[in-house]
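Reviewing the structure listed below.
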Amino acid sequence: MPADRALRIVLAEDSVLLRDGLVGLLTRFGNEVVAAVGDADALLTAAAEHAPDVVVTDVRMPPGFQDEGLHAAVKLREERPGLPVLVLSQYVQRAYAAELLDSGDGTGVGYLLKDRVGQVEEFVDALHKVAAGGTVVDPEVVRQLLRRRRDPLARLSPREREVLALIAEGRSNGAIAKALVVSEAAVGKHIGSILTKLDLPPADDTHRRVLAVLAYLRS
């Protein structure tokens with residue numbers, strides 16, 4: 001179930017129908033949409049004015065309908081590295097996901113396909129994870145990346161790739177253990193092996209997990 005804490009949200013989506021639907025959905029779960037805008041410039045203005053807990057934005061927005069929303073999100077995180085941002089995309093765009101996760105301090109980011117909005121509680125739960133500093137990547141993005149099996153992931157075993165895929169989805173060790181029907185201790189050993197094989201520098205566990213996801217998206 002979604003977290004109980006109400007969030008102050010700035011929403012950017014050029015489709016009026018989807019924007020209104022998202023406002024209604026987010027409000028229904030006890031959150032406050034402090035601004036709902038339709039283009040990237042308005043997103044930058046609204047985020048500066050309202051200092052939200054989290055930003056939710058589409059990738060493609062006016063005027064060019066290319067990647068204006070994504071670039072606005074990256075700019076916001078450059079100006080305020082800790083600002084949580086959840087990006088919604090119509091299609092899997094690997095480069096977009098990597099650019100987003102590279103922004104700011106590497107925490108509090110999410111990249112979901114718009115189809116995920118239909119799974120209401122999962123979507124709201126993902127939003128709260130991002131707002132709390134977590135990293136969430138759409139399962140379909142993860143599945144497509146798994147097919148690429150290029151270095152540095154070539155060093156990982158099939159089970160380790162499964163574990164890394166679940167980490168990229170923002171799951172905790174307990175949730176990973178449940179999904180794979182193994183013990184949390186076994187998950188911990190797999191994660192340790194993944195971090196070692198990816199040659200990640202010593203750091204706190206949360207940061208190393210984010211670095212592992214980044215390596216995953218860049219591979």
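The minimum heavy-atom distance linking A36 with V23 is given by the pair CB-CG2, 3.9 Å. For the residue pair G30 and A6, the shortest heavy atom distance occurs at O-CB, 3.1 Å. Contact record, T107 with G133: CB-O, 3.5 Å, taken as the closest heavy-atom pair. Residues V87 and A73 approach most closely at CG2-CB, 4.3 Å, considering heavy atoms. Pairing each heavy atom of G69 with each of L43, the nearest pair is O-CD2, 4.4 Å. The heavy-atom pair separating L113 from D138 by the smallest distance is N-OD2, 3.0 Å.
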- Task: In sequence, state the C-alpha distance, the side-chain angles, and the governing distance for N31 and H128, and then conclude on side-chain contact (heavy atoms from CB on, under 4.5 Å).
- Result: CA-CA 10 Å; N31 302 293; H128 278 272; 3.8 Å; yes
- Task: Dump the intermediate steps for side-chain contact (heavy atoms from CB on, under 4.5 Å) on L86 and V55, then the final yes or no.
- Result: CA-CA 6 Å; L86 176 61; V55 167; over 6 Å; no
- Message: For a side-chain contact (heavy atoms from CB on, under 4.5 Å) check, start with the C-alpha distance between V124 and L25, then their side-chain angles and the critical distance, and finish with the verdict.
- Response: CA-CA 9 Å; V124 176; L25 185 158; 3.5 Å; yes
- Task: Evaluate the side-chain contact (heavy atoms from CB on, under 4.5 Å) criterion for residues V16 and R19: first the C-alpha distance (whole Å), next the side-chain angles of each, then the deciding distance (0.1 Å), finally the verdict.
- Result: CA-CA 5 Å; V16 175; R19 184 167 70 237; 3.6 Å; yes
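To the nearest 0.5 angstrom, L164 atom CG is 11.0 Å from S193 atom OG. Interatomic distance, I167 CD1 to H190 NE2, rounded to the nearest 0.5 Å: 11.0 Å. Note that OG1 of T57 and CD of E68 are 10.0 Å apart. Values are rounded to the nearest 0.5 Å. Once rounded to the nearest 0.5 Å, the distance linking CZ of R161 with CG of L156 reads 6.5 Å. Once rounded to the nearest 0.5 Å, the distance linking CD1 of I194 with OG of S157 reads 7.5 Å. Put simply, OH on Y111 and CG on L70 are 8.0 Å apart, with the number rounded to the nearest 0.5 Å.
Both V137 and I191 sit in one connected hydrophobic cluster of ILVMFWY residues. Membership requires side-chain heavy atoms under 4.5 Å apart, directly or through other members. Residues V33 and V130 share a single hydrophobic cluster, defined by chaining ILVMFWY side chains whose heavy atoms lie under 4.5 Å apart. Under the 4.5 Å side-chain contact rule for hydrophobic residues, L88 and M61 do not share a cluster. L7 and L112 fall within a single hydrophobic cluster, where Ile, Leu, Val, Met, Phe, Trp and Tyr are joined by side-chain heavy atoms under 4.5 Å apart, directly or via other members. Two different hydrophobic clusters hold L11 and F65 under the rule that ILVMFWY side chains link at heavy-atom gaps under 4.5 Å.
Side-chain contact between D115 and F123 is absent, with no heavy-atom pair separated by less than 4.5 Å. Here the side chains of P52 and I9 are not in contact, with every heavy-atom distance at 4.5 Å or above. Taking 4.5 Å as the limit, every side-chain heavy atom of V34 sits out of range of all side-chain heavy atoms of E49.
Sorted by first then second residue, the salt bridge (charged side-chain N to carboxylate O under 4.0 Å, His left out) pairs that include residues 20-45, not counting sequence neighbours, number zero.
Every residue meeting the salt bridge (charged side-chain N to carboxylate O under 4.0 Å, His left out) condition with E160, not counting sequence neighbours, appears here in chain and number order: K197. By the side-chain contact (heavy atoms from CB on, under 4.5 Å) test, A186 pairs with V182, S183, sequence neighbours left out. Not counting sequence neighbours, R8 has no partner by the side-chain hydrogen bond (donor to acceptor under 3.5 Å, both in side chains) test. Under the rule for a side-chain contact (heavy atoms from CB on, under 4.5 Å), the partners of K129 that lie at least two apart in sequence or sit in another chain are D125, V136. Among residues two or more places apart in sequence or in another chain, the side-chain contact (heavy atoms from CB on, under 4.5 Å) test is passed with A46 by V10, A35, V37, H50. Applying the side-chain contact (heavy atoms from CB on, under 4.5 Å) criterion to E122, with sequence neighbours excluded, gives R116, Q119.
Between E184 and K189 there is no salt bridge, since no side-chain nitrogen of the basic residue lies less than 4.0 Å from a carboxylate oxygen of the acidic one. Look at E78 and K75 and you find no salt bridge, because none of the NZ, NE, NH1 or NH2 atoms lies under 4.0 Å from a carboxylate O. A salt bridge between K114 and D58 is present, with a side-chain N of the basic residue lying under 4.0 Å from a carboxylate O of the acidic one.
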